[in-house]
Amino acid sequence: MAYLDLAFDLPRAALVAPVTGPVRDTVSRIAPLERKVLQLASTDAQSSLNEPGRIGRMLRWVFAVKPANRLAEPRLEALRRFAVMARVYGDALPDAEVDRLIHAGFVREALAEIRQLVRAPGRVMA
């Protein structure tokens, strides 16, 4: 036979009835690797999205400026590009960038979470 001492060493939260109601979907649609890409993209300039011309390459050579590296995987590069554009343009992001990210394999439901993480760069790894 078991004995339950309600006055000793029992968290009161265990006695409260569970809350029934709509369950909120708190599962993140962004993988840890993708969060790392968002963190890396938070320091990339808009100029990292375009291929530099002859003069741009010369200026980088003269001033020893290292450009941001493009990512080898096209899906992650599309995410990096989207993050930089979302940070620069905010809500005026071109529709072509949204289409590019969806074409790369991201779902529309993840776009809102990505934009939120781009707006709050300190929360990217949380």
Distance-minimising heavy-atom pair for [X] and [Y]:
X      : Y     : value
Ala110 : Ile30 : CB-CD1, 4.0 Å
Ala45  : Val84 : O-CG1, 3.9 Å
Leu38  : Ala83 : CD2-CB, 3.6 Å

Check the hydrophobic clustering (I, L, V, M, F, W, Y; side-chain heavy atoms under 4.5 Å; chains of links allowed) and say if Leu33 and Leu40 are grouped together.
no
Membership question, hydrophobic clusters at under 4.5 Å side-chain separation (ILVMFWY): are Leu93 and Val107 in the same one?
no
At what distance, to the nearest 0.5 angstrom, does [atom1] of [X] lie from [atom2] of [Y]?
X      : Y      : atom1 : atom2 : answer
Met85  : Leu49  : CE    : CG    : 6.5 Å
Gln116 : Glu113 : CD    : CD    : 7.0 Å
Arg54  : Leu59  : CZ    : CG    : 13.0 Å

Inter- and intrachain pairs under side chain to side chain donor-acceptor pair (under 3.5 Å), touching residues 87-99, at least two apart
Gln46-Tyr89, Arg81-Glu97, Asp91-Arg119
Is any side-chain heavy atom of [Y] closer than 4.5 Å to one of [X]?
X      : Y      : result
Leu117 : Arg35  : yes
Leu71  : Leu79  : no
Phe82  : Leu111 : yes
Val37  : Glu77  : no

Tell me, please, which residues at least two apart from Glu73 pass salt bridge (charged side-chain N to carboxylate O under 4.0 Å, His left out).
none
Residues forming a side-chain hydrogen bond (donor to acceptor under 3.5 Å, both in side chains) with Arg57, sequence neighbours excluded
none
Arg29/Glu34 ion pair, N-O < 4.0 Å
no
